[in-house]
Amino acid sequence: MISGRFLACAAALSLTGGVTVARAAEVTWSAPACGKEPAAPTVDSSSVARYNASVDAATAYEKAARAYNACVAGAAARDENTISAQAKARIDQVHQASVAVQQRIAGHFTRLTADLKAGAARFSRH
């Protein structure tokens, strides 16, 4: 008989892996430190013995796949954090340059306004 735990694990793996598998072909990033992705076994239900062996293989795969997935997720998080920090640094540079331009232009407007008021006051007496 198939255990409820095995069915739940199989369902969880199929639900969580569906989107990843569909996009895996589009992605060039990898986590070489995690080793090779474990291959999913096939279920052979041609006999009780083969079926029981398939359950054992699926259980072993579940353990290996979870470990591999945890390694990949950790590596991805580290890479994403690095990329995020680099992007934040670049955004800060762009923001600082933009603020400098805005402050410079605001200073020009302030000076021009003062100069124009001074000129208007000088000529308003005539």
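Keep in mind that the numbers below use all heavy atoms, side chains included, and drop hydrogens, waters and symmetry copies.
- Counting all heavy atoms, side chain and backbone alike, Pro38 lies closest to Tyr61 at O-CE1, 3.5 Å.
- For the atom pair Asn52 CG and Asp44 CG, the distance stands at 11.0 Å (nearest 0.5 Å).
- Atoms CD and NE2, from Gln102 and His95 in turn, are 7.5 Å apart once rounded to the nearest 0.5 Å.
- For Asp79, the side-chain hydrogen bond (donor to acceptor under 3.5 Å, both in side chains) partners two or more places apart in sequence, or in a different chain, are Trp29.
- Residues Val101 and Phe109 are members of one and the same hydrophobic cluster, defined by side-chain heavy-atom contacts under 4.5 angstrom among Ile, Leu, Val, Met, Phe, Trp and Tyr.
- Residues satisfying the side-chain hydrogen bond (donor to acceptor under 3.5 Å, both in side chains) test with Ser47, not counting sequence neighbours, are none.
- Judged as a side chain to side chain contact (heavy atoms under 4.5 Å, CB included), and not counting sequence neighbours, the contacts of His108 are Arg104, Arg111.
- With 3.5 Å as the limit, one finds no donor-acceptor pair spanning the side chains of Gln86 and Thr82.
- Applying the disulfide (SG to SG under 2.5 Å) test to every pair with at least one member in residues 79-114, sequence neighbours left out, gives no pairs at all.
- With sequence neighbours left out, the side-chain hydrogen bond (donor to acceptor under 3.5 Å, both in side chains) criterion links Ser84 to no other residue.
- Once rounded to the nearest 0.5 Å, the distance linking CZ of Arg50 with OG1 of Thr42 reads 10.5 Å.
- A disulfide (SG to SG under 2.5 Å) check over residues 31-74, counting only residues at least two apart or in different chains, returns the pairs Cys34-Cys71.
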